[in-house]
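Residue numbering restarts at 1 for every chain, and letters A, B, ... go by the order of the sequence lines.
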Amino acid sequence: MLIFTDYLKDIAEKLGKLFPDFDKKDLALDRTGHADFTFRIFRVLKGKRNPEDVFAQVLKDFQGMDYIERITLEGPYINFRLNAESLAFSIRNELEHKGMFPDIFQDPERISVEHTSTNPTGPIHIGRIRNSILGDSTARILRRYGYRVTTQYFVNDSGRQVASLCTGARKYCMEDSLTTENLLDAYRRIHREMEENDSLEKEVQEVMQLYEAGEENTVGYIRKICSVILDSINSSLRNIGITIDDYTWESSFIRTGDTVKVLDSLAEHIKEEGGAKYITNGDRKIFLTRSNGTSLYFLRDIAYHLYKFQNFTWSIDVLGENHKDHGEQLSYVFEDLMDIHERIRFMYYSYVSLESGSMSTRKGNTVTLDELLQKTIEEAEKVVRTKRPDLDEGSVKNISESVAVSAIRFSIVRLNASKQMIFRWGEALNFEGDSAPYIMYAYARASSILRKTGSDSNNPEYINVDAAERDLLFRLYCYPYFLEEAANKLKPEIVAGYLLDLTKSYSEFYRACPVLTADEVTKRRRIEILKFYRKIVEDSTDLLGIKILEEM
RNA sequence: GGGCCCGUGGCCUAGUCUGGAUAAGGCACCGUCCUUCUAAGUCGGUGAUCGUGGGUCCGAAUCCCACCGGGCCCGCCA
């Protein structure tokens, strides 16, 4: 929960008392530039009242509210404008006492955010990278909002894909050369050969059975090759600022007997077909085990979620849109068959594809995260060297890396996750406009001003405040509203949109309000606004993994 | 066949949940501003029947229905 001086709530409460018909929806942040908060009086007007009467009543009731600068009636809207001093006060108050705006109340609820969970059969590519970026940003936002959050990776070491990787690796990889590249080659090769050779299918089946039975050699080998690939996935993710707290191996639920317990607890719903166990949802059969007795992913995922429900208040799963059906069937099992309610939320996203079509690890038509990052850093370096020929090599590297990581993350997180996305190099390597470098650049310029003026902002006076100063102040003040919405809706793109708006507001301020050459009173005030701005940019960029710089 | 998602200027998006002020940004294009704090920036301009057709409503990009286009799912794969 967020703690700050919530003027919007205050006004809404007063209006609620004043008008029985008032609905919370009637008062909102204004998006059209007419006001700070706007009160739509259509609903209240529904009786026989006329706007002037309503307005008069509001004026009378809000008389003497010192945080309000003015209230105006414009058509069917009553517009509230807050005074700059109060906006500054509310931000300053939290920053001085708590060091952050808004402050938070630590919530006892524990949340698991499961993301990435990509099969350990090859390096992570950008078709899937949306998953990690969404999950990581959402986890950070929920943590900032006051929840206790753990990120989780569900390692699929038990299915077909890993069994075929294992079969391929044993055939084509030397024991002492189990590198990600070699394993990936083996994985692609075995898939090609399986299309022509049926006997390989039997070998894969056998591996699955041995692994489930806990046969020592197979377990050891699979763990080993999965770990090799998992390490490389993790290192790729670390390069863009993502680390995951917990790794849970699918097979562990087989070993502990949890999958059997799930079967037991669902016993009354289970049917059989040739030895394979399944449940039904309407006309749909959902298989839990194969006829050879091995478990299916759906069963292992139920066990995994039951484990999460024991340790967390709720579980968030970031899943590709092709897993939507899986998610809905899971919800059905928990809600309808197990009487477990409202413990799980899904975030679905559409895979990133290339102009030539969708990416596939098996087919090899992918752009890996490593490749993307490498190329983006190179491009950033070119730009930095052109713009800042004065910088030393270390600074160039540092800036280029920060720019690249931030640009990649931002370009993905800022879009609505359900929107189809086609990756284009030209767009990925553009550092202008609505991008992370735009946000970073504005911050660097603000930092530069403070380096030159010093940071004396004592006893600022908020009189004769320039329009651009006030607009920026109001933007800054609104941060908690966007943070809250992003957390409640699990939409990190709301923070991204806020940051772009904030940056535009700041750029306007930068142009219109010189600091260095201002008179002493104005200067102190603007320095304080700059400090607020920097603080909130630091806070919000961190939620998206954007790496800000003092200089660029 | 059934289900879900997406469709907003030439291109990429915000706004859709919760209907309300001239549909908001970016890219590209044309023009402005570096003897005020970093031009990865600023300001202005050209450019939108909000996929199509109905409906509800005082009011629809937003809600409802139908259709069209794109994606995804309906497996003893994950």
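Considering only side-chain atoms of A/L296, the nucleotide from B/rA78, B/rC37, B/rG41 that sits closest is B/rA78.
Base orientation for B/rC34: syn, the chi torsion being within 90° of 0.
At a threshold of 4.0 angstrom between heavy atoms, the contacts of A/S291 include nucleobase atoms, whether or not backbone atoms are also involved. A/M440 comes within 4.0 angstrom of no nucleic acid atom, judged by non-hydrogen atoms across all strands. Using a 4.0 Å heavy-atom cutoff across all strands shown, A/G159 reaches sugar-phosphate atoms only and no base atom.
Ion pairing between A/E401 and A/K397 fails under the 4.0 Å rule for side-chain N and carboxylate O.
Under a cut-off of 6.0 angstrom, the local environment of CG in A/N464 is sparse, with at most 12 non-hydrogen atoms contributed by other residues, nucleotides or ligands. Within 6.0 Å of CG in A/D283 there are 12 or fewer heavy atoms belonging to other residues, nucleotides or ligands.
For the pair A/E550 CD and B/rA40 C1', the computed distance is 17 Å after rounding to whole Å. For the pair A/Y510 OH and B/rA40 C1', the interatomic distance rounds to 12 Å; values are reported in whole Å. The separation between A/I494 atom CD1 and B/rG15 atom P is 7 Å, rounded to whole Å.
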Side-chain donor-acceptor distances from residues 486-496 of chain A under 3.5 Å, at least two apart:
residue, atom, partner, partner atom, Å
A/N488, ND2, A/E484, O, 3.4
A/K489, NZ, A/E485, OE2, 2.6

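Under the 3.5 Å distance criterion, with hydrogens and angles disregarded, a donor-acceptor pair is assigned to the side chains of A/N131 and A/Y349.
The base-pairing partner of B/rG75, taking Watson-Crick or G-U wobble contacts with both distances under 3.5 Å, does not exist among the strands shown. Across all strands shown, the partner of B/rG31 is B/rC43, judged by Watson-Crick or G-U wobble contacts whose two distances both fall under 3.5 Å. Across all strands shown, B/rG59 forms no Watson-Crick or G-U wobble pair with both key distances under 3.5 Å.
At a cut-off of 3.5 angstrom, the base of B/rA21 holds at least one donor-acceptor pair with the side chain of A/T38. Counting atom types as modelled, A/K489 pairs a side-chain N or O with a base atom of B/rC17 as donor and acceptor under 3.5 Å.
Between A/K419 and B/rG7 there is a side-chain polar atom (N or O) within less than 4.0 angstrom of OP1 or OP2. The side chain of A/R284 contributes no N or O atom lying less than 4.0 Å from OP1 or OP2 of B/rG2. Proximity of A/Y438 to the phosphate of B/rU42: a side-chain N or O atom is located under 4.0 Å from OP1 or OP2. Residue A/K387 places at least one side-chain N or O under 4.0 Å from the OP1 or OP2 atom of B/rA40. In terms of phosphate contacts, A/R290 brings a side-chain nitrogen or oxygen within less than 4.0 Å of OP1 or OP2 of B/rA78.
A heavy-atom distance below 4.0 Å to RNA chain B is reached by these residues of residues 400-415 of chain A, ordered by number: A/V403, A/R414, A/L415.
Taking the six-membered ring wherever Trp is involved, the centroid distance between the rings of A/F39 and A/F22 falls below 6.0 Å. A/H34 has its ring centre no less than 6.0 Å from the ring centre of A/Y77.
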